[in-house]
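Structure record follows, encoded as structure tokens.
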Amino acid sequence: QVQLVESGGGLVQPGGSLRLSCAASGSIFSINAMGWYRQAPGKQRELVAVITSGGSTNYTDSVKGRFTISRDNAKNTVYLQMSSLKPEDTAVYYCNAYVKIVQPVPGLYDYWGPGTQVTVSS
């Protein structure tokens, strides 16, 4: 089995910064794309940023220039550096990873973390 665990959420004032981390553990052969999604109350979950195993990145328009996604392949960890935070960034942030495993059934599977709350408020 594979587990994803997020950390780094919390309460921050508008204009502030937070850094989210997500570590993958378990029977991992390799990890393809890793990403961050968020879901605000009453809204659908949306993609925030994604990074491939080769380091290519993509961001939703609303966070471009403010958020930076990165990963440490040796640690199976993905990060989201969030700066110039706005109240509209308030949401539960979820980590996602496409993981190749070899047991019990070899294949590429989609895994999610339980989420971490980010609240931007004065």
Side-chain angles (χ1 to χ4, degrees):
Q1 294 296 332
V2 174
Q3 299 82 37
L4 301 183
V5 178
E6 302 102 337
S7 60
L11 173 64
V12 63
Q13 293 186 342
S17 298
L18 279 177
R19 188 193 194 207
L20 305 183
S21 300
C22 172
S25 62
S27 301
I28 298 169
F29 179 78
S30 64
I31 302 178
N32 289 9
M34 303 184 81
W36 290 95
Y37 289 71
R38 67 186 179 186
Q39 188 167 17
K43 295 187 177 181
Q44 291 187 332
R45 189 175 298 190
E46 64 170 350
L47 173 67
V48 176
V50 63
I51 184 168
T52 67
S53 57
S56 296
T57 60
N58 195 26
Y59 299 90
T60 191
D61 287 344
S62 62
V63 307
K64 287 180 179 178
R66 300 189 298 121
F67 291 10
T68 301
I69 189 171
S70 60
R71 64 190 284 176
D72 184 333
N73 291 330
K75 296 182 179 179
N76 291 332
T77 299
V78 63
Y79 306 96
L80 186 68
Q81 178 67 48
M82 304 185 293
S83 302
S84 302
L85 282 161
K86 304 175 181 179
E88 50 263 45
D89 295 317
T90 295
V92 178
Y93 284 70
Y94 297 91
C95 175
N96 171 259
Y98 283 89
V99 181
K100 185 177 291 185
I101 66 172
V102 294
Q103 59 179 349
V105 179
L108 186 64
Y109 296 89
D110 186 18
Y111 293 93
W112 292 87
T116 185
Q117 177 71 45
V118 172
T119 302
V120 185
S121 175
S122 55

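No side-chain heavy atom of Asn73 sits under 4.5 Å from any side-chain heavy atom of Ile31. Leu11 places a side-chain heavy atom less than 4.5 Å from the side chain of Ser121. Taking the side chain as every heavy atom from C-beta outward, Tyr111 and Ile101 approach each other to under 4.5 Å.
Nearest heavy atoms, Ala91 versus Ala40: CB-N, 3.8 Å. Nearest heavy-atom pair, Leu4 versus Ala97, reported as atom, atom and distance to 0.1 Å: CD1-N, 3.8 Å. Nearest heavy-atom pair across Ser27 and Val2 is O-CG2, 4.2 Å. Looking at every heavy atom in both residues, Val48 comes nearest to Val63 through O-CG2, 3.8 Å.
Residues in residues 42-79 take part in no disulfide (SG to SG under 2.5 Å) pair, two or more places apart or across chains. Note on residues 11-77: pairs passing disulfide (SG to SG under 2.5 Å), not counting sequence neighbours, are Cys22-Cys95. Here ring-ring contact (aromatic ring centres under 6.0 Å, His included) pairs that include residues 39-81, with residues two or more places apart or in two chains, number zero. Applying the salt bridge (charged side-chain N to carboxylate O under 4.0 Å, His left out) test to residues at least two apart or on different chains, the pairs with a partner in residues 34-44 are Arg38-Glu46, Arg38-Asp89. Legend: disulfide (SG to SG under 2.5 Å) pairs involving residues 32-79, not counting sequence neighbours: none detected. The stretch residues 51-64 participates, sequence neighbours left out, in these salt bridge (charged side-chain N to carboxylate O under 4.0 Å, His left out) pairs: Asp61-Lys64. Applying the salt bridge (charged side-chain N to carboxylate O under 4.0 Å, His left out) test to residues at least two apart or on different chains, none of the pairs has a partner in residues 95-110. Under the ring-ring contact (aromatic ring centres under 6.0 Å, His included) criterion, the residue pairs touching residues 12-54 are Tyr37-Trp112, with sequence neighbours excluded. Applying the ring-ring contact (aromatic ring centres under 6.0 Å, His included) test to pairs two or more places apart or on separate chains, none has a residue in residues 82-103.
No more than 12 heavy atoms of other residues, nucleotides or ligands shown are found within 6.0 angstrom of CD on Gln44.
With Val118 as the fixed residue, the side chain to side chain contact (heavy atoms under 4.5 Å, CB included) test singles out one of Thr90, Val92, Leu20: Leu20.
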Which pairs would a plain distance check flag for residues 50-57, meaning a side-chain donor or acceptor within less than 3.5 Å of a matching protein atom at least two apart in sequence or in another chain?
residue: Thr52; atom: OG1; partner: Gly54; partner atom: N; Å: 3.3
residue: Thr52; atom: OG1; partner: Gly55; partner atom: N; Å: 3.3
residue: Thr52; atom: OG1; partner: Ser56; partner atom: N; Å: 3.1

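Every residue two or more places apart in sequence or in another chain was checked for a side-chain hydrogen bond (donor to acceptor under 3.5 Å, both in side chains) with Asp72, and none qualifies. Scored by the side-chain hydrogen bond (donor to acceptor under 3.5 Å, both in side chains) test, Thr119 finds Gln117 as partners (sequence neighbours excluded).
Interatomic distance, OG of Ser70 versus CE of Met34, reported as 10.5 Å (0.5 Å rounding). Between Ser62 atom OG and Glu88 atom CD the span is 8.5 Å, to the nearest 0.5 Å. Between the CD1 atom of Ile28 and the CG atom of Asn76 there is a distance of 4.5 Å, given to the nearest 0.5 Å. Distance CG/Leu47 to CG/Asn96: 8.5 Å, rounded to 0.5 Å. Interatomic distance, CD of Gln81 versus OG of Ser21, reported as 9.5 Å (0.5 Å rounding).
Here the side chain of Gln13 pairs no donor or acceptor atom with the backbone of Ser122 at under 3.5 angstrom.
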